[in-house]
Enquirer: 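After the structure tokens below, expect a handful of questions from me.
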Amino acid sequence: MLLALSFGALIQPAAAQSILRDAETEALFKDMSRPIIEAAGLRPENVEIVLVGDRTINAFVAGGQIVYIHSGLVTAADNANEVQGVIAHELGHITGGHIIRYNQGASTATGITILSLILGAAAMAAGAGEAGAGIMAAGQQAAMGKFLAYLQSEESSADQAGANYLAGAGVSGKGSLSFFRKLQNQEFRLAIPQEDSYGRTHPLSGQRVQWLEDRYKQDRAWDKPTDAALEARFQRVKAKLIGFVNEPRQTFVAYPETDKSVPARYARAYAYHKNAFPEKAVAEVDSLLAQAPHDPYFLELKGQVLLESGRPAEAVDFLRDAVQRAPDQPLIAGLFGHALIATENPENFGEAKKVLRAAVARDNSNPFAWYQLGIIYDREGDPARAALATAERYNLQGDPRLALASAEMALHGVPEGSADWIRAQDIKMVSEAAIKKDKKR
């Protein structure tokens with residue numbers, strides 16, 4: 001049972017946490033990971049780097065070609081190179097097929113456990129109660145030791161693969177090394193024993209640092225600095241993330257008013273907005289726009305602050321400008337569509353529909369954009385397509401019952417055989433399968 005519960009926790013962590021989506025952050029992740037993904041022999045368009053709202057320092061893979069990075073890891077990282085080192089390591093898990101092979105390690109350990117239970121039960125039945133209990137306990141201990149050793153070997157394999165990918169991408173391993181030292185310092189603070197690795201899922205951080213340092217120093221990229229523009233983008237993203245996830249007072253300590261750097265003003269803008277001081281937030285954003293008037297992400301933030309402060313009509317022009325300057329960012333387009341609808345001006349609904357349809361066509365995994373599109377269809381008197389948009393939203397949010405009800409409603413109204421009808425059928429079948437699976441549990 002322990003092994004089964006461990007596996008469930010490993011493959012389902014993202015479901016219990018919030019996925020944080022931000023256009024600027026996702027664009028940065030794509031650019032900073034692309035050469036490493038290519039060095040790993042994977043296609044960048046098939047690999048996702050997903051930000052999870054969790055303050056712990058962690059990253060993981062859970063099936064497919066998706067790397068999940070906790071927000072706490074990004075805010076703890078000193079530079080972009082440290083995050084690149086983490087991504088390289090997690091790609092090692094993907095290319096090594098470690099999630100797929102996880103069951104092999106679990107099966108071996110489970111086999112040992114079952115055998116010990118059978119032998120222990122037989123001994124107890126023969127009258128040797130204490131011996132039988134001892135056999136069971138020893139078997140469970142041996143099974144866990146076998147399983148932990150398996151996990152450690154997978155981690156070591158990912159370390160080696162990650163080092164190779166960084167070298168192949170021409171990216172320095174200094175960041176990877178410094179991040180492992182961060183983890184080692186955390187172990188020191190928590191008084192975690194360092195003399196051996198028994199009872200751990202990962203090798204000792206000290207051992208990893210020693211091996212990686214020897215390995216990285218052999219690479220020609222060891223002394224290669226991170227691209228200055230990429231590093232500047234990372235510091236911006238880190239600052240805005242701190243402003244978004246931290247309590248405002250913590251943000252103001254990290255980025256005091258005396259700090260006039262771009263990241264500091266960016267972080268304070270988010271903190272003021274979070275603390276319900278829209279005028280101060282706007283003032284910080286205006287100072288950024290004075291320096292970079294065409295930056296789409298600064299424009300996006302000003303539009304967001306105005307929109308969420310009850311001034312959608314003022315937000316529209318800033319968000320329209322942001323969309324025009326970043327036409328490949330559907331998250332910004334979704335926010336723009338929301339602002340157009342929030343004006344309650346029917347003259348804006350046609351533009352909103354066009355923008356939102358383009359947004360979901362480029363990125364159909366945004367439930368908020370589908371929700372806004374459903375509003376437009378409802379305002380137009382098209383309940384069938386409003387129901388289909390709602391089905392898309394609930395399907396993405398993992399609510400199969402509501403997705404099924406909405407898909408069935410859509411099927412009664414859209415033309416049979418049309419693209420919308422086929423999509424409603426797909427959602428219906430997926431939802432029915434999910435409901436049956438839940439019932440079996």
Side-chain angles (χ1 to χ4, degrees), residues 8-23 25-26 29 48-54 60-71 241 244-245 304 307-308 329-339 341-342 352-353 355-379 382-414 419-441:
L10 178 70
I11 64 171
Q12 297 179 8
Q17 298 156 318
S18 61
I19 301 299
L20 302 181
R21 298 207 61 190
D22 171 68
T25 302
E26 292 179 6
F29 281 166
E48 287 185 74
I49 312 295
V50 175
L51 184 65
V52 178
D54 191 306
F60 59 92
V61 295
Q65 296 185 21
I66 306 175
V67 174
Y68 295 93
I69 297 180
H70 284 198
S71 57
L241 183 58
F244 179 76
V245 301
Q304 180 182 353
L307 170 62
E308 294 175 358
Q329 295 296 343
L331 289 176
I332 301 178
L335 186 63
F336 176 39
H338 173 38
I341 295 171
K353 179 179 178 180
V355 167
L356 290 167
R357 284 177 64 91
V360 297
R362 185 178 287 271
D363 176 13
N364 67 357
S365 59
N366 184 350
F368 182 73
W370 282 113
Y371 172 66
Q372 296 299 319
L373 190 56
I375 293 175
I376 287 293
Y377 285 133
D378 183 66
R379 298 283 177 86
D382 190 347
R385 285 181 175 78
L388 179 56
T390 303
E392 295 277 11
R393 173 166 64 102
Y394 284 128
N395 181 50
L396 290 169
Q397 292 177 335
D399 192 330
R401 295 185 183 280
L402 290 177
L404 175 60
S406 298
E408 289 178 334
M409 190 181 302
L411 286 169
H412 289 301
V414 296
D420 287 340
W421 187 87
I422 293 172
R423 181 58 186 160
Q425 282 278 23
D426 289 343
I427 295 175
K428 178 184 176 182
M429 288 188 290
V430 168
S431 301
E432 287 173 340
I435 292 170
K436 287 181 181 178
K437 188 175 181 180
D438 287 342
K439 286 181 178 179
K440 288 181 180 178
R441 290 176 183 173

Enquirer: Return yes when atom CZ of Arg357 has more than 12 non-hydrogen atoms of other residues, nucleotides or ligands closer than 6.0 Å, and no otherwise.
Expert: no

Enquirer: Tell me whether Tyr371 at atom OH has more than 12 heavy atoms from other residues, nucleotides or ligands lying less than 6.0 Å away.
Expert: no

Enquirer: Run the salt-bridge test on Arg21 and Asp363 with the 4.0 Å N-O cut-off and return the result as yes or no.
Expert: yes

Enquirer: With rounding to the nearest 0.5 angstrom, report the CZ to CD1 distance, Phe29 to Ile49.
Expert: 7.5 Å

Enquirer: Starting at CG of Asp420, measure out to CG of Asp382 and round the result to the nearest 0.5 Å.
Expert: 8.5 Å

Enquirer: Looking only at non-hydrogen atoms, find the nearest pair between Ala391 and Ala403 and report the distance.
Expert: CB-O, 3.7 Å

Enquirer: Check Pro367 against Arg393 and note the closest heavy-atom contact, atom names and distance.
Expert: O-CD, 3.6 Å

Enquirer: Is there side-chain contact between Val50 and Val67, with heavy atoms separated by less than 4.5 Å?
Expert: no

Enquirer: Can you give me the closest heavy-atom contact between Glu408 and His412, atom names plus distance?
Expert: O-CD2, 3.0 Å

Enquirer: Of all heavy-atom pairs between Gly374 and Ala386, which one has the smallest distance, and what is that distance?
Expert: O-CB, 3.6 Å

Enquirer: Return the minimal non-hydrogen interatomic distance between Ala352 and Ile341, and the atom names on each side.
Expert: CB-CG1, 4.0 Å

Enquirer: Mind checking the CD-CD1 spacing from Glu432 to Ile427? Nearest 0.5 Å is all I need.
Expert: 12.0 Å

Enquirer: Counting neighbours of CZ on Phe244 that are heavy atoms of other residues, nucleotides or ligands and sit closer than 6.0 Å, is the number greater than 12?
Expert: no

Enquirer: Can you tell me how far the CG atom of Leu51 sits from the OG atom of Ser18, to the nearest 0.5 Å?
Expert: 8.5 Å

Enquirer: Quick one: pull up CG in Leu335 and CD in Glu308 and give me the separation to the nearest 0.5 Å.
Expert: 7.0 Å

Enquirer: If the condition is salt bridge (Lys or Arg N to Asp or Glu O under 4.0 Å), which residues does Asp399 pass it with, not counting sequence neighbours?
Expert: none

Enquirer: Are the side chains of Leu331 and Phe368 in contact, using a 4.5 Å heavy-atom criterion?
Expert: no

Enquirer: Hey, what's the ring geometry for His70 with Phe60, parallel, tilted or perpendicular (30° and 60° as the breaks)?
Expert: perpendicular

Enquirer: Closest approach of Ala407 and Ala424, non-hydrogen atoms and distance?
Expert: CB-O, 3.6 Å

Enquirer: For Leu20 and Val245, what are the C-alpha separation, side-chain angles and deciding distance, and is it a side chain to side chain contact (heavy atoms under 4.5 Å, CB included)?
Expert: CA-CA 10 Å; Leu20 302 181; Val245 301; 4.2 Å; yes

Enquirer: Please tell me if the side chains of Glu392 and Arg423 come closer than 4.5 Å, counting only heavy atoms from C-beta onward.
Expert: yes

Enquirer: Tell me whether Ser406 contacts the main-chain N or O of Leu388 through its side chain, where contact means a donor paired with an acceptor under 3.5 Å.
Expert: no

Enquirer: Apply side chain to side chain contact (heavy atoms under 4.5 Å, CB included) to the pair Thr25 and Leu241, showing each step before the final yes or no.
Expert: CA-CA 9 Å; Thr25 302; Leu241 183 58; over 6 Å; no

Enquirer: Report the C-alpha distance between Trp421 and Leu411 in whole Å, list the side-chain angles of each, state the deciding distance to 0.1 Å, and finish with yes or no for side chain to side chain contact (heavy atoms under 4.5 Å, CB included).
Expert: CA-CA 6 Å; Trp421 187 87; Leu411 286 169; 3.5 Å; yes

Enquirer: May I have the step-by-step check of side chain to side chain contact (heavy atoms under 4.5 Å, CB included) for Ile19 and Val52, ending in yes or no?
Expert: CA-CA 5 Å; Ile19 301 299; Val52 178; 4.0 Å; yes

Enquirer: Can you tell me how far apart CG (Asn366) and CG (Leu356) are? Round to the nearest 0.5 Å.
Expert: 9.5 Å

Enquirer: Got a sec, which residues hit salt bridge (Lys or Arg N to Asp or Glu O under 4.0 Å) with Lys353, two or more places apart in sequence or on another chain?
Expert: Glu380

